[in-house]
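Only one structure is covered here, and it is reproduced in the block below.
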Amino acid sequence: MNEAALLLPVVRAGDGRTLTRAQFLSLLNTYNCFLKDHTQLHLGYSQGADGEVVVEGFLNISWGVRRPIRLKIQDDKQMIPFAPLNSPDPTSPVSPMGDKRGMSRWGECNDLHQVDEMAETPQDTVVTKPLPGPALYETTTLRPARWKSHELEAESNLFRCMSDASLVKRRRGRVKSAAQREKERQHRFSINGHFYNYKTSIFTPSFDTPTKVRITSKMNTNQVIEQLLNKFKIENDPQEFALYCVHQSGEKRKLSERDQPLWERILQGPSDDIMKIFLIDMDEEEVSNDVAQYLNLELPILEQVLLKLREEENTVIQSVVSKYQQQHRLLSHMLTSKMSPHIETSV
């Protein structure tokens with residue numbers, strides 16, 4: 001690495017702002033010390049050959065959207081399609097309830113071996129022309145015994161003799177491949193446990209619910225919004241949202257496209273009690289610091305402030321009206337004097 005780059009005394013901290021190296025290291029140490037119990041949230045930095053300092057880490061963003069968001073239908077983890085059960089033939093003599101609940105009537109199985117056979121052997125008894133009269137219900141109790149498979153009998157005996165722990169181990173015996181593990185790792189994140197559901201794929205997150213997204217200090221506002229929407233597989237256009245810095249005083253400032261949210265967080269400190277970054281609808285109005293200083297006052301105090309402002313407003317209005325009335329009288333007098341006729345006398 002270039003030695004001159006290491007000795008650069010100035011660090012660019014966003015759009016048009018600079019910090020000395022000592023100031024930057026002090027801010028970074030203060031940030032990480034505040035989060036000493038959450039080491040995974042600490043910020044780190046690196047420096048390229050050109051001397052530019054790049055900070056990387058997690059950024060807290062709170063949900064503040066009012067309009068519903070839409071989750072994508074496509075997901076990295078494919079869901080098994082739901083196959084509805086076929087309704088049984090009402091004329092079938094097997095059972096008056098058919099297979100509606102997936103159960104067999106008492107007496108249809110001689111022993112537990114036939115349960116396995118019924119699960120693997122399709123029913124081949126179909127009545128095409130039922131006899132007239134009341135429905136007849138047959139059972140397998142009076143039918144001749146079928147030949148049992150020795151392998152199936154041994155398998156049934158094996159499962160009945162195995163303990164619960166052995167059964168669990170047997171079911172978990174298959175080891176997932178690396179592709180399957182990677183596929184599950186890339187599964188979409190949830191918003192408060194809310195995954196995609198065709199009934200609730202359009203919903204509004206709870207206000208002031210925090211979330212985290214990993215970014216760098218080189219990412220601008222639009223890139224951070226896209227990163228957040230991709231994390232939760234949100235279908236909405238990123239241009240529908242904006243990032244706002246909401247201070248404790250009530251000031252609400254919209255971040256421009258050129259702003260870098262991670263630098264805003266570093267300069268304001270890590271405490272959410274002082275300032276939070278919200279994802280809000282694009283058309284949300286900003287609140288200036290002059291207006292925000294009155295938001296936390298009590299109602300009687302605000303009424304007195306409004307009364308004082310009205311008095312000052314009336315005083316200024318009367319002053320302006322008096323000024324222009326005086327000017328109007330002066331101009332009228334001058335015009336009258338110039339338009340009056342002059343009488344000449346001769347000797």
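Note that the numbering runs from 1 along the sequence shown for the chain.
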Steps toward side chain to side chain contact (heavy atoms under 4.5 Å, CB included) verdict (L229, I69): CA-CA 10 Å; L229 299 186; I69 63 174; over 6 Å; no
R17, CZ atom: more than 12 neighbouring heavy atoms under 6.0 Å: yes
Verify same cluster id: L228, F241 (apolar side-chain graph, 4.5 Å): yes
Residues, nucleotides or ligands: over 12 heavy atoms within 6.0 Å of E312 CD: yes
R66 with D281: basic N within carboxylate O range, under 4.0 Å: no
Approximate separation, where rounding is to 0.5 Å, of Q47 CD and R21 CZ: 4.5 Å
Chi angles and distances behind the side chain to side chain contact (heavy atoms under 4.5 Å, CB included) call for Q227, L59: CA-CA 11 Å; Q227 184 85 348; L59 176 67; over 6 Å; no
Shortest non-hydrogen contact between Y244 and E284, atoms and distance: OH-O, 2.7 Å
Distance, nearest 0.5 Å, that separates CG of N230 from NZ of K72: 5.5 Å
Y324 with V316, same ILVMFWY side-chain cluster at under 4.5 Å: yes
Pairwise distance CG(L267) to OH(Y31) - rounded to 0.5 angstrom: 11.5 Å
SB check R70 D237 (cutoff 4.0 Å): no
Heavy-atom donor-acceptor pair, S332 side chain to H328 backbone, under 3.5 Å: yes
Partner of N32 under side chain to side chain contact (heavy atoms under 4.5 Å, CB included), chosen from L35, L28, T30: L28
Contact summary for E56 and T216, nearest pair of heavy atoms: CG-CG2, 4.0 Å
Worked verdict on L43 versus L262 for side chain to side chain contact (heavy atoms under 4.5 Å, CB included): CA-CA 10 Å; L43 298 179; L262 189 55; 4.3 Å; yes
Residues forming a ring pair (Phe, Tyr, Trp, His ring centres under 6.0 Å) with F203, sequence neighbours excluded: H194
Q304 vs L307 side-chain heavy atoms within contact, under 4.5 Å: yes
Closest non-hydrogen atom pair between P68 and N236, with its separation: O-ND2, 3.6 Å
Residue pair T221, S256: steps toward the side chain to side chain contact (heavy atoms under 4.5 Å, CB included) verdict: CA-CA 7 Å; T221 302; S256 65; 5.8 Å; no
Residue pair S271 / R265: nearest heavy atoms and the distance that separates them: O-NH2, 3.1 Å
Spacing of N220 atom CG and Q260 atom CD [to the nearest 0.5 Å]: 7.5 Å
Ion pair check, E285 and K252, cut-off under 4.0 Å: no
Contact check, side chains of E251 and V287, non-hydrogen atoms, under 4.5 Å: no
Verify same cluster id: I266, M275 (apolar side-chain graph, 4.5 Å): yes
Ring geometry between F207 and F278 (parallel below 30°, tilted from 30 to 60°, perpendicular above 60°): parallel
From L335 atom CG to L330 atom CG, the distance as rounded to the nearest 0.5 Å: 9.5 Å
Nearest non-hydrogen partners of K218 and Q223, listed with the distance: O-OE1, 4.0 Å
Same apolar cluster: V54 and M219, side chain cutoff 4.5 Å: no
Nearest non-hydrogen partners of L243 and P261, listed with the distance: CD1-CG, 3.8 Å
Nearest-0.5 Å distance, OG of residue S217 to CD of residue E264: 12.0 Å
Backbone N/O of M334 and side chain of S337: donor-acceptor pair under 3.5 Å: yes
Flag if over 12 foreign heavy atoms under 6.0 Å of CD, E311: yes
Contact check, side chains of V11 and W263, non-hydrogen atoms, under 4.5 Å: yes
Residues, nucleotides or ligands: over 12 heavy atoms within 6.0 Å of Q326 CD: no
In one Ile/Leu/Val/Met/Phe/Trp/Tyr side-chain cluster, 4.5 Å: I215, F24: yes
Whether R12 side chain and V53 backbone form a donor-acceptor pair below 3.5 Å: no
